[in-house]
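I have placed the structure first, in the form of structure tokens, so that the comments after it can refer back to it.
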2 protein chains.
Amino acid sequence: MGRNKETNQKIRDERREQILSESLLLFSTRGLASTKISDIASTAGISQGLVYHYFRSKEDIFIELIRGAFERLNSSCEILSRMPLSPREKIDIAVRGLLQDLENNQENARYHLLMAQAMISETVPEEAKAIIRREIAVSQEIIAAILRDGQKEGSIKEGDADEMALVFWTSINGLAILKVVNGAEFKAPAPEILLSMFL
Amino acid sequence: MGRNKETNQKIRDERREQILSESLLLFSTRGLASTKISDIASTAGISQGLVYHYFRSKEDIFIELIRGAFERLNSSCEILSRMPLSPREKIDIAVRGLLQDLENNQENARYHLLMAQAMISETVPEEAKAIIRREIAVSQEIIAAILRDGQKEGSIKEGDADEMALVFWTSINGLAILKVVNGAEFKAPAPEILLSMFL
DNA sequence: GTCTATATCCAGATAGAC
DNA sequence: GTCTATCTGGATATAGAC
């Protein structure tokens, strides 16, 4: 009959993506613990049982998303660091971009919320925690490297670049969390405030 | 027999405090959802049933702690704002104090972690969320007022004081969260980095 | 591939003895 | 005041029909 292997594969891929996408939305706003498989199923418009046809467990979905989050984040950082810009400009772009993402509720921002959730929430499986600990260091080091470059040429403030990078990310994270609490009312602060730590 | 009303009351009070104290420790590191009543009971060295003799539910314990957290935080802020110091000095003290608390794992810091947990974690009862939304505005406004004072006399950087206060707290919060993840390895960044946003 | 029905498990909360 | 034993509910995960 009509269905061949390719069609089936396509259905599989689409469903998978669909489940991941709805899960990101739910996890990022409600967290892992209080998102039920039945929530995911119903927002995705499928049955609860079907979710288990695509993922072994709720945790597996979460881990997959975390993996994706860092993949995106780290690759954005890589791209940024390779742009033909001065260190100063790179930091400027990064801060403005991140704040805008937060305010506009871009998919990027959801990933930030997810990471914040993952860092805190303890129901998070150990595998996800491990990914976080490992990957968080990557983006932090990239920012630190940009800062060091700028310090060498005198366009970035003096100070321990690693600590500055740490504050960079934790501040973004803190704002992401506030967004969870305040929802639509959230208004991102002026980028200049954060930038004054570096420029 | 031996026990009179006062003795009983004393036992009651002590047990209550004991339960709250252990709960703070557990909630602040593991979050509400993944802290079981049985965990609280066993670390407090009492039976599970006894916990319910003192608190109606796990959520009640959490709410009580959140209430206490903001009581402490807001009163510290009040005290700070009334100190006979310049606005600049007040901000300086606040930042240094908060960072030191975090690094030294003071009880104060645990309350910060608790708040961070509460903001993010979804299983948190609505009553706690309401307290957070309400009380968070208090400490934020106090910091904002100090900043405005300083801006008037020219000792604090220009900028929207409300937004600056918001970044102030979210940055502290972000660091508190990192502390949850990194535990003992956490090292607070130099206060000067944060201070450069304001001074 | 998808659904419905069900088994299983676990944690919160209660009842009653001491 | 404190404990042990138990009830109960809800959510994950599975089994089996279509």
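Protein chains get the first letters and strands the later ones, always in sequence-line order, with residue 1 at the start of each.
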Side chain of Tyr54(B) (C-beta onward), nearest among dG1(D), dG12(C), dT12(D):
dG1(D)
Distance in angstrom units between Asp60(A) CG and dT12(D) C1', rounded:
13 Å
So, is His53(B) close to the dT2(D) phosphate, meaning a side-chain N or O under 4.0 Å from OP1 or OP2?
no
Rounded to whole angstroms, how far apart are CD1 on Ile37(A) and P on dT14(D)?
11 Å
Between dG1(D) (C1') and Glu14(B) (CD): distance, integer Å
13 Å
Heavy atoms under 4.0 Å, any strand shown: does Ser34(B) hit a base, just sugar-phosphate, or nothing?
nothing
Expressed in angstrom and rounded to an integer, what is the separation of Lys36(B) atom NZ from dA11(D) atom C1'?
15 Å
Ignoring the backbone of Ile11(A), work out which of dG12(C), dG1(C), dA11(D) is nearest its side chain.
dG1(C)
Any side-chain donor near an acceptor of the partner, Ser171(A) and Ser171(B), under 3.5 Å:
yes
For Arg56(B) and dG12(C), is the shortest distance between a side-chain N/O and OP1 or OP2 below 4.0 Å?
no
How many Å lie between CZ on Phe55(A) and C1' on dA11(D), as a whole number?
19 Å
From the set dG12(C), dT4(D), dA13(D), return the single nucleotide nearest to any side-chain atom of Ser47(B).
dT4(D)
side-chain hydrogen bond (donor to acceptor under 3.5 Å, both in side chains) between Asn74(B) and Glu78(B), intermediate numbers included:
CA-CA 6 Å; Asn74(B) 289 345; Glu78(B) 285 287 359; over 6 Å; no
Any side-chain N or O of Arg15(B) under 4.0 Å from OP1/OP2 of dG1(D)?
no
Quick check for you: among dT12(D), dG1(C), dT2(D), whose closest atom lies nearest to any side-chain atom of Asn8(A)?
dG1(C)
Which listed nucleotide (dG12(C), dT12(D), dG1(C)) is nearest to the side chain of Lys58(A)?
dT12(D)
Heavy atoms from C-beta onward define the side chain here; which of dG12(C), dC3(D), dA11(D) lies closest to that of Gln48(B)?
dG12(C)
Figure out the CG/P separation between Asp39(A) and dG10(D), and round it to whole Å.
14 Å
Options dG1(D), dT12(D), dA13(C), nucleotide nearest the side-chain atoms of Ser57(B):
dA13(C)
Think Tyr52(A) has a side-chain N or O under 4.0 angstrom from the OP1 or OP2 of dA13(D)?
yes
Which of Lys129(A), Glu59(A), Gln117(A) passes side-chain contact (heavy atoms from CB on, under 4.5 Å) with Val124(A)? Answer is Lys129(A)
Taking all non-hydrogen atoms of both residues, which atom of Ala188(A) and which atom of Leu99(A) are closest, and how far apart?
CB-O, 3.8 Å
Hey, are Arg110(A) and Asp101(A) close enough for a salt bridge, meaning a charged N less than 4.0 Å from a carboxylate O?
no
How close or far is atom P of dA13(C) from atom CD1 of Ile40(B), stated in whole angstroms?
10 Å
To the nearest angstrom, how far is Leu50(B) atom CG from dC3(D) atom C1'?
8 Å
